[in-house]
Amino acid sequence: MKYRSTRDISKNPVYITSAEAIKQGLAPDGGLYIPESFPALTHGDFEKLCAMDYAERAAFVLGLFLDDYDKDALLTSCREAYSEKRFPGGAAPIHEMNDGIYSLELWHGPTSAFKDMALQIMPRLLSLALQMTGEERIAHILVATSGDTGKAALEGYSDVDGVKITVFYPVDGVSRMQKHQMQTTLGSNVYVAAVRGNFDDAQNGVKAIFSDKELAKRANEAGFFFGSANSINWGRLAPQIVYYISAYCDLVNSGKIAHSDKINVCVPTGNFGNIFAAYIAKMMGLPVNRFIVASNSNNVLTDFINTGVYDRTREFKKTISPSMDILISSNLERLLFTLGGADLTADLMAELKENGKYTAPDALMNTLRENFSGYFMDEDETKAAIADSYKGQGYLIDPHTAVGYGCVNKYRAETADNTPVILASTASPYKFAPAVAEAIDLPENEDIFACLTELSKATGTEIPAPLANTLGMEIRFTEVLDPRDMPTVPFRV
């Protein structure tokens, strides 16, 4: 399996191995790496997958894309990443909500967010890639985060040999718990800095570092190179394909659906990586009828799906679902390439960079709308969805999951399509305890520890151990900088 850049418009595109793609992260031309084709899963493959545990499913699916990796090493890595120690009770359990909505709980890992599902395996994939490519330099991983990716990446890469990691987050754009988790991270090879601005400012800063040839030269002279743990890196996105296939197998095994039954998939998304992973699963053979793209008030994706115009020059809004507070959805580029090819993708990305917006061709949008529907939830609607789930079903959900839950209900009300839905539940409600507590009418409490304790007592649910343990840890990282100063950090930490 070979990989190419989404922006390589040459007659003979450059193709590289999966190990090289994971090591590099971003292509030299600024594009994202994508496989030359998507492998097909047969009915027999699904039967085999149904009989496997999660680690075996991950090794099977990843092995189709990372076929230059040793199969035994890949399986060992998956068993380590998705062990009972890291994911107590199982990596991706399903909770049945009402009316055939199945919450795929992706937050039972070390940081209580879905990013753990990829970022527990990704450092292992990178370490293997460095060995396979004969790399002797240090890999300095740069991460821009809207909240969850940062801590998950820090946890995954902490004290990994041959790697350093620096995480940038918007100073006022993450929850109190997310900030505390990042600031208290342990490890001799980690660093965290806040950026004045929003997530897009941090993400643009990281992309600018990757595309700066002079910085790359300086880094090489200093004995390291830049790598990425964001979903722009194929090694981060590929593991996300697994849990949609695994969830389908679990529904089949439980008798909720039969083999080959259609499902819908709803993903609360900002950067489009999580839902593009689900789309890849469909292209591999997962019988998905419809993808529901769920956005918060920063509804740039909803408008794009409905109008064909992608416009990031809009007001940026801070919400109670901050991991989705994004106006530049990087992984949408991979979908544009898949549907429209490299020439169109390169043109649209250049237009976005120059003008802050672009209009996709009608033919592409018609194909896109055959698969995707876009909806969004404002703040009041999100709080109402949290209350509805808890008071109506006794099921506590975080604001991001609530955005997805509300969008499923909007889609169903509009279409009368009651196909079973896999809803990606992306974070523990305790990561956003103040917003969740307010939504279910608990008293406001500025003390984050007291807020978690009161939420637990009032709902009879347990605070996840990773979050409870973090609260007593010492803060290590307090730097706040301007985006223009981000390139200095890797050379001084």
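Numbering of residues begins at 1 and proceeds along the displayed sequence.
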Do Ile101 and Arg412 come within less than 4.5 Å of each other through their side chains, counting heavy atoms only? yes
Before we go on, tell me: are the rings of His95 and Tyr102 under 6.0 Å apart, centre to centre? no
Ser297 and Asp378: side-chain donor and acceptor closer than 3.5 Å? no
Using side-chain contact (heavy atoms from CB on, under 4.5 Å), reason through Asp148 and Thr426 one step at a time and then give a plain yes or no. CA-CA 9 Å; Asp148 288 334; Thr426 56; 5.7 Å; no
I'd like to know if the side chain of Asn271 pairs up with that of Asn230 as donor and acceptor (distance under 3.5 Å, no hydrogens or angles considered). no
Leu481 to Met486 - nearest heavy-atom pair and separation: CD1-CG, 3.7 Å
Is Thr302 reaching over with its side chain to a backbone N or O of Tyr375, donor-acceptor style, under 3.5 angstrom? yes
Between Arg86 and Glu80, is the closest basic N to carboxylate O distance under 4.0 Å? no
Do Lys410 and Phe376 meet the cation-pi criteria used here (NZ or CZ under 6.0 Å from the six-membered ring centre, within 45° of the axis)? yes
State the CG-CG distance between Leu66 and Leu128, to the nearest 0.5 angstrom. 10.0 Å
Roughly how far, to the nearest 0.5 Å, is the NZ atom of Lys115 from the CD atom of Gln120? 14.0 Å
Using a cut-off of 6.0 Å, state whether more than 12 heavy atoms not belonging to Glu84 lie near its atom CD. yes
Using 30° and 60° as the class limits, which term best fits the ring planes of Tyr279 and Phe372: parallel, tilted or perpendicular? tilted
Quick one: does any side-chain atom of Thr419 pair with a main-chain N or O of Asn264 as donor and acceptor, under 3.5 Å? no
Derivation of the side-chain contact (heavy atoms from CB on, under 4.5 Å) call for Ile320 and Thr382: CA-CA 8 Å; Ile320 59 172; Thr382 303; 4.0 Å; yes
Search all heavy atoms of Ser456 against all heavy atoms of Ile463 and return the closest pair with its distance. CB-CG1, 3.9 Å
Is the His400 to Phe114 ring centre distance short of 6.0 Å? no
Check: Tyr405/Asp388 side-chain N/O donor and acceptor closer than 3.5 Å: yes
Quick one, Lys318 and Asp172 - any side-chain contact, counting heavy atoms below 4.5 Å? yes
Does any non-hydrogen side-chain atom of Phe38 lie less than 4.5 Å from one of Pro35? yes
Val288 to Lys262 - nearest heavy-atom pair and separation: O-NZ, 4.1 Å
Does Arg196 pair with Asp482 as a salt bridge, N-O distance under 4.0 Å? yes
Does any N or O in the side chain of Asn233 come within less than 3.5 Å of the main-chain N or O of Ala229, such that one atom is a donor and the other an acceptor? no
Looking at CE of Met182 and CD of Glu155, how far apart are the two atoms once the value is rounded to the nearest 0.5 Å? 13.0 Å
Mind listing the closest non-hydrogen atom pair of Ile475 and Thr478 along with its distance? CG2-CG2, 3.9 Å
With no hydrogens and no angle check, just 3.5 Å: does a side-chain donor-acceptor pair link Gln24 and Tyr33? yes
Between atom CZ of Arg236 and atom CD1 of Ile121, what is the distance when rounded to the nearest 0.5 Å? 13.5 Å
SB check Asp441 Lys391 (cutoff 4.0 Å): yes
Checking side-chain polar atoms at under 3.5 Å, does Gln178 have a donor or acceptor matched by the opposite partner on Tyr169? no
When you measure from the side chain of Gln183 to the backbone N and O of Phe477, does any donor-acceptor pair fall under 3.5 Å? yes
For the pair Arg476 (side chain) and Gly187 (backbone), establish whether a donor and an acceptor sit closer than 3.5 Å, ignoring hydrogens and angles. yes
Report yes if the side chains of Lys317 and Glu379 come closer than 4.5 Å at any heavy-atom pair, otherwise no. no
About how many Å separate CD1 of Ile386 and CG of Leu396, when rounded to the nearest 0.5 Å? 8.0 Å
Would you check if there is a donor-acceptor pair between the side chains of Asn189 and Tyr157 at a distance under 3.5 Å? no
Would you say the side-chain atoms of Tyr248 pair up with the backbone N or O of Asp261, donor to acceptor, closer than 3.5 Å? yes
Are Tyr69 and Ile22 close enough that some pair of their side-chain heavy atoms sits under 4.5 Å apart? yes
Side chains of Thr166 and His140: donor-acceptor distance under 3.5 Å anywhere? yes
Donor-acceptor side-chain pairing of Tyr54 and Asp250 below 3.5 angstrom: no
Can you check whether Leu154 reaches Leu119 side chain to side chain, under 4.5 Å on heavy atoms? no
Output yes when a side-chain donor or acceptor of Thr149 lies under 3.5 Å from a complementary backbone atom of Thr145, and no otherwise. no
Whether the Asp325 and Asn296 side chains hold a donor-acceptor pair (N or O, under 3.5 Å, no angle test) is what I'd like checked. yes
Closest contact, heavy atoms only, Ala435 versus Pro399: CB-CG, 4.1 Å
Counting only N and O atoms by type, is there a donor-acceptor contact under 3.5 Å from the side chain of Ser146 to the main-chain atoms of Ser323? yes
Indicate whether any N or O donor in one side chain lies under 3.5 Å from an N or O acceptor in the other, for Asn331 and Ser231. yes
Ion pair present between Asp53 and Arg79, side-chain N to carboxylate O less than 4.0 angstrom? yes
Does Lys282 have more than 12 heavy atoms from other residues, nucleotides or ligands lying within 6.0 Å of its NZ? yes
State whether a side-chain donor-acceptor pair under 3.5 Å links Thr6 with Glu333. yes
Between Leu142 and Val489, is the side-chain contact (heavy atoms from CB on, under 4.5 Å) condition met? List the steps. CA-CA 10 Å; Leu142 302 180; Val489 176; over 6 Å; no
Between Ser373 and Arg290: side-chain donor-acceptor atoms closer than 3.5 Å: yes
Do Lys164 and Val493 come within less than 4.5 Å of each other through their side chains, counting heavy atoms only? no
For the pair Trp234 and Tyr3, name the ring-plane relationship: parallel under 30°, tilted 30 to 60°, perpendicular over 60°. tilted
Quiz question: by atom type and distance under 3.5 Å, do the side chains of Ser112 and Ser428 form a donor-acceptor pair? no
Check whether the side chains of Ser188 and Asp159 place a donor and an acceptor atom closer than 3.5 Å, and report yes or no. yes
On a heavy-atom basis, the closest approach of Asn274 and Gln240 is OD1-NE2, 3.8 Å
Calculate, to the nearest 0.5 Å, the distance between atoms CG and OG belonging to Leu423 and Ser103 respectively. 5.5 Å
Students often mix this up, so state it plainly: with edges at 30° and 60°, are the rings of Phe304 and Tyr310 parallel, tilted or perpendicular? perpendicular
Could you go step by step and tell me if Ile245 and Val242 meet the side-chain contact (heavy atoms from CB on, under 4.5 Å) rule? CA-CA 5 Å; Ile245 295 172; Val242 177; 5.9 Å; no
Flag side-chain contact, heavy atom, 4.5 Å: Thr461 against Tyr430: yes
Main-chain N/O of Leu49 paired to Arg57 side chain as donor or acceptor, under 3.5 Å: yes
Just by modelled atom types, is the Thr111 backbone N or O under 3.5 Å from a matching donor or acceptor in the Lys431 side chain? yes
